[in-house]
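Protein chains get the first letters and strands the later ones, always in sequence-line order, with residue 1 at the start of each. Computed from a prediction, not measured in an experiment: that's the story for all the values here.
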Amino acid sequence: EIDDSRPKFYQLEMLPYPSGNLHMGHVRNYTAGDVVAWFKRLKGFNVLHPIGWDSFGQPAEDAAIKRGVNPRLWTEDNIVSMRGQLERLGVSYDWRRQMAAHRPEYYKFDQWFFLKMYEMGLAYKKMTQVNWCEYDQATLSNEQASGGLCWRCGNPVTKKNLEQWFLKTTAYADELLDGLDEIESGWPPAVVKRQRDWIGRSEGAYVDFEVLTPGLSPQRHGGETRNLVRVFTTRIDTIYGANAIVIAAEHPIAEKFRDEFSDAVRVKIDSIHEEKLKPTDYETEIEKDGIDTGLKAVNPFSGEELPVWIGNYVMMEYGTGAVMSVPGHDERDFEFAKKFGLPVKPVITVQNSDSGPSERDESRTLSEPLTDYGVMINSGEWTGTTTEEAKVKMAEFAREKGFGELATTYRIRDWGISRQRFWGSPIPIVYCDSCGVVPEKFENLPVELPDTAPFTGTGESPLAKVPEFYETKCPNCEGPAHRETDTMDTFVDSSWYFFRYTDPTNEILPFSEDVAAYWTPVDQYIGGDDHAVMHLIYTRFWTKVMRDIGLVKFDEPVKRLLTQGMVVGETFFDDESGKRVYYPPDTVEVTRDAKGKITEARSTDGKRLKHAIERMSKSKGNGVDPDEMVDIYGADAARLFIMFAAPIEHELVWNEAGIEGAVRFLQRVWRLVLKWKDALGRTATAAEEPAERTRQLRRKTHQTIKRVTDSLESLQFNTPVAALMELTNAISDFEVDPVEANEDERHAIREAMTGLTLMLMPFSPHVSEEIFSILVGNEHGAIANGARFPEYDASLAKADEIEIPVQVNGKLRSRIFAAPESANDQLQALALEDEKISELVAGKDVVKIIVVPARLVNIVVRG
RNA sequence: GCCGGAGUGGCGAAAUUGGUAUACGCACCAGACUCAAAAUCUGGCGGGAGCAAUCCCAUGUCGGUUCGAGUCCGACCUCCGGCACCA
């Protein structure tokens, strides 16, 4: 499909939401991406570097609610102005490939994927308790409600019962986990770890306990239905220590026997229910609560009858919603037992080297639970078995007897994608009175959004108030029917957008398999780590689905991932009103401690101010916005500084003074070009026997080429800038009058200047292209001129003579000069001959001499 | 509470992965140019002692391994981030 002999490189950055303004975080992200794209291009790769818009979502709808503007027009306007900002920054995007999620030609394929997943049984609808953000009036997926706070506004999340569509991410739980092994080497360890934790696989066993109802005889042998409560445990070896079964308030058993419970039990169940709907406060630990239902459950291993409790600490959503309580070997159960005076029975002992298995009184109350692995005691025929062995054998035994089995559970849940929102991709489902739930036909896609809808901001689907939208024909029987009025989570759009860039105008498929096969997977992805468990899990899931559909042939969409740190600024607030004080902070007087942390801040008129470090943005009053910065300093300096100021993965506290340094540097380079301009125009070749000063300059040039190349290959952006500054200093120090420069000198300078220009180009492309046009005498641009990143020549980088430190007993005492390839015994001899060294060594025993070639000599003496 | 990561000048940070600690930049100080200022250029800039050559001490703290530790190991302290009763 694509005829290009160059190797391909797909450089991708996380697409922005078109809010209307770039912030400094974007600048950092997109500059880093552009540096890589330029570098690879200059290295001879066929580079794909696209950008698009994550243009569905809440702010557009908020603008519609607050200001009555049409979300589509608002969004399109914002795209135009933000594209302008990116262009002013000079980010080298292929604008022909630009996508925007809100356009029907794109979201058509969100719907296409949804229908595919519906066919595959990966999309389903159910009534469930969802995460709900009261502030945003919006549903959130588990990933978006991680930490109990809304990912968008940071407010606490509550729960709400809603019917909603899910995508079965759990079907790929194992693959999502195991796939991390494949990409681990190219992803930040923190992201990999967070994904592992999020997926949360745990190996254990299911055990069925038979429930006995009070007043009724056990229905063990009769033909009547037995009531079983299934428990998940990772510690089946502790089952003889169970003192109760604890179930969640929402557990089906609790529903089923509700009428037989005492009033006190019913009241407790309802109060636990209510508590769960409240926003979680993570500051205070929730106290354990519960009540004995009066039901009994039979421990299938011991035959013992255990009470069945309701417990507020048991989650219906994880495992089976029921646990066996083993207070002797589990912290939570221990706490629960202590509070309600339940018996604690130790059944595991830790082998102690001196005392052997300790003898424990069965009824003794322990001061704390023993959660370590060990050997079983008080466990009938299993006594003496080790934990490791029992975990497998007891589950196996349970399976044979029909009351349990080995089991694996996951923390990750299916992805709830229904949103009661207007500004999203409509879910292509039709409800028909006679046919039920009917998927829309592929040929009827896209299900298009109406131009507008009544916006209330109350969390109800605006589309449910637009009859022209929801009134439709059943795709099956053609009878009257109505459409689903919820739209999809916007994370659906960003799950596959970067595949669309490869084939942006395809009207039949999301993208053609062949074109995508050339460009994907993504070679380098750059974005914020706030998406570690949202976007980055979803897109991995989506890729596996696309593989199963047959659109791609690989499992993982992103080979290498770089997460850049936030750009933050110091924000000041009026202590009383809480109002933000405007940047620049010369209206603020600040006292700092030794570490530079603010201890006190006052406004110049004496008011006390609060302060905080916050994500930098103009609206927060803690920094300039990109447009102002480009106006004041220019795009090149802004880009250079943001790359130079700190390692890319570090948080960057904005500092206005530093950027002046970048401006100065670029001006210095420019002055050097002007100084040498005329001399550089005359062709020159290197001398056969060059003078020392030109050898020195060429050495610095080639050392710099190596440093910059290596740094960029390993995605370091601050150190190559430092190296370029050093090279610039070396060119400055080259004290030759341009008018009188000989051919050899002109050649060395030309090499240094050309190298500097091309290496600077990824960081500061405008001035670099300008300089390049002076160097080549035309204005076609570096790539069009076939320019390549300079190649490192090891023989030129090598020094004739290097300085080698000499240590005595590991302490630096002197330096010698020698050729880098000097043999060890030569270096040793030189070191011993050295005046200072011979003095220090005189009269002492030389025990040993360590020589590291071209590095150092260390003389170990005694006496 | 559990799990990660990080502590290097006044500040942002380098350090070829165990081999000259503090590159590069910011800020600051001094000098040159200027009537003056800005810009630019030159020099200085971890702490201590000394006229000096030079020496001693410094990479959060304490210990260890090693000829040699910012880097490896152990314990602790501090800060930042993640998770939130996951059975």
Novice: Picking from B:U20, B:C83, B:C24, which would you name as closest to the side chain of A:S146?
Specialist: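 So the side chain of A:S146 is nearest to B:C83.
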Novice: Any strand counts, and the cut-off is 3.5 Å on both contacts for Watson-Crick or G-U wobble. Which nucleotide pairs with B:A58?
Specialist: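 Partner of B:A58: none found under 3.5 Å.
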Novice: Under 4.0 Å from OP1 or OP2 of B:C24: is there any side-chain N or O of A:R707 that close?
Specialist: no
Novice: Among the candidates B:C57, B:U20, B:C67, find the nucleotide nearest to the side-chain atoms of A:K848.
Specialist: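 The nucleotide sitting nearest to the side chain is B:C67.
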Novice: Among B:C67, B:C24, B:C83, which nucleotide sits nearest the side chain of A:R194?
Specialist: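 Nearest listed nucleotide: B:C83.
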Novice: Has A:K288 got its NZ or CZ under 6.0 Å from the middle of the six-membered ring of A:F336, at an angle within 45 degrees of the ring axis?
Specialist: no
Novice: Any strand counts, and the cut-off is 3.5 Å on both contacts for Watson-Crick or G-U wobble. Which nucleotide pairs with B:G19?
Specialist: B:C67
Novice: Hunt down the Watson-Crick or G-U wobble partner of B:U42, both distances under 3.5 Å, from any strand shown, or write none.
Specialist: B:A30
Novice: Within the structure shown, what part of the strands sits under 4.0 Å from A:M315 by heavy-atom distance: base, sugar-phosphate, or nothing?
Specialist: base
Novice: Is a donor-acceptor contact shorter than 3.5 angstrom present between the side chain of A:K288 and the base of B:C85?
Specialist: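 Such a pair is found, so the answer is yes.
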Novice: Side-chain donor or acceptor of A:Q807 under 3.5 Å from a matching atom on the base of B:U20?
Specialist: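 No.
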Novice: Should A:R664 be listed as having a side-chain N or O under 4.0 Å from OP1 or OP2 of B:A27?
Specialist: yes
Novice: If you check the A:R815 side chain, which of B:U20, B:C3, B:G12 turns out closest?
Specialist: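 Of B:U20, B:C3, B:G12, B:U20 is nearest to the side chain of A:R815.
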Novice: Taking donor-acceptor contacts at under 3.5 Å, does the side chain of A:R855 reach the base of B:U16?
Specialist: yes
Novice: Identify whether any heavy atom of A:V231 sits under 4.0 Å from a base atom; if not, whether one sits that close to sugar-phosphate; answer base, sugar-phosphate or nothing.
Specialist: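 Result for A:V231 = nothing.
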Novice: Only pairs with both distances under 3.5 Å count, Watson-Crick or wobble alike; so what is the partner of B:C79 in this structure?
Specialist: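 Check on B:C79: paired to B:G5, both distances under 3.5 Å.
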Novice: Do the ring centers of A:F403 and A:F301 come within less than 6.0 Å of each other?
Specialist: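 Here the rings of A:F301 and A:F403 have centres that are less than 6.0 Å from each other.
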Novice: Side chain of A:Q716 only, please: which of B:A87, B:C24, B:A15 is the nearest?
Specialist: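 Among B:A87, B:C24, B:A15, the one nearest the side chain of A:Q716 is B:A15.
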Novice: According to a strict under-4.0 Å criterion, is A:R196 in side-chain N/O contact with OP1 or OP2 of B:C83?
Specialist: no
Novice: Relative to the 5' end of RNA chain B, which residue comes earlier, A:A723 or A:N858, by the nucleotide with the nearest heavy atom?
Specialist: A:A723
Novice: Kindly say if A:R671 contacts the phosphate of B:C41, meaning a side-chain N or O under 4.0 Å from OP1 or OP2.
Specialist: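 True: A:R671 side-chain N/O within range (under 4.0 Å) of B:C41 OP1/OP2.
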Novice: Using the side-chain contact (heavy atoms from CB on, under 4.5 Å) rule, pick out the option among A:L796, A:D793, A:L727, A:L756 that qualifies with A:T701.
Specialist: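 For A:T701, the side-chain contact (heavy atoms from CB on, under 4.5 Å) check succeeds only for A:L727.
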Novice: Return the nearest nucleotide to the side chain of A:N312; candidates are B:A87, B:C85, B:G12.
Specialist: B:C85
Novice: Can you tell me which nucleotide in B:C24, B:C57, B:A21 comes closest to the side chain of A:K811?
Specialist: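 Taking heavy atoms from C-beta onward, the closest nucleotide is B:C57.
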Novice: Give none if B:A84 has no partner; otherwise give the nucleotide forming a Watson-Crick or G-U wobble pair with it, both distances under 3.5 Å.
Specialist: none
Novice: Which one, B:C41, B:A23, B:C85, comes nearest to the side chain of A:E726?
Specialist: B:A23
Novice: Rounding to a whole Å, what distance do you find between A:R201:CZ and B:A87:P?
Specialist: 14 Å
Novice: Judged by atom type as modelled, is there a donor-acceptor pair below 3.5 Å linking the side chain of A:Q826 to the main-chain atoms of A:A823?
Specialist: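 Yes; judged by distance alone, with no hydrogens or angles, the pair exists.
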Novice: Is there a side-chain polar atom (N or O) of A:T719 under 4.0 Å from OP1 or OP2 of B:A13?
Specialist: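 For B:A13, neither OP1 nor OP2 has a side-chain N or O of A:T719 closer than 4.0 Å.
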Novice: What is the ring orientation for A:W676 with A:F734, classed by angle as parallel under 30°, tilted 30 to 60°, or perpendicular over 60°?
Specialist: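 Because their plane-to-plane angle lies in the 30° to 60° range, the rings of A:W676 and A:F734 count as tilted.
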Novice: Are OP1 or OP2 of B:G12 and a side-chain N or O of A:H650 less than 4.0 angstrom apart?
Specialist: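 A:H650 to B:G12 OP1/OP2: no side-chain N or O under 4.0 Å.
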Novice: Checking contacts here: which listed nucleotide (B:C85, B:C83, B:G19) is nearest the side-chain heavy atoms of A:L856?
Specialist: B:G19
Novice: Please work out whether the ring planes of A:H702 and A:Y792 are parallel, tilted or perpendicular, with thresholds of 30° and 60°.
Specialist: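 A:H702 vs A:Y792 ring planes: tilted.
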Novice: If you assign A:L652 and A:G661 each to the RNA chain B nucleotide with the nearest heavy atom, which residue ends up on the more 5' nucleotide?
Specialist: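 On the 5' side of the pair lies A:L652.
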Novice: Does the ring center of A:Y410 lie less than 6.0 Å from the ring center of A:W198?
Specialist: no
Novice: Examine B:A87: is either OP1 or OP2 under 4.0 Å from a nitrogen or oxygen in the side chain of A:K391? Give yes or no.
Specialist: no
Novice: B:U17: syn or anti, with syn meaning chi within 90° of zero?
Specialist: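 You should classify B:U17 as syn.
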Novice: Using the purine O4'-C1'-N9-C4 or pyrimidine O4'-C1'-N1-C2 torsion, is B:G47 syn (within 90° of 0) or anti?
Specialist: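 Anti conformation here, the glycosidic angle of B:G47 being more than 90° from 0.
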Novice: Is any side-chain nitrogen or oxygen of A:Y318 closer than 4.0 Å to OP1 or OP2 of B:A87?
Specialist: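 Yes, such a contact exists.
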Novice: Between A:N718 and B:G25, is there a side-chain N or O to OP1/OP2 distance below 4.0 Å?
Specialist: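 No.
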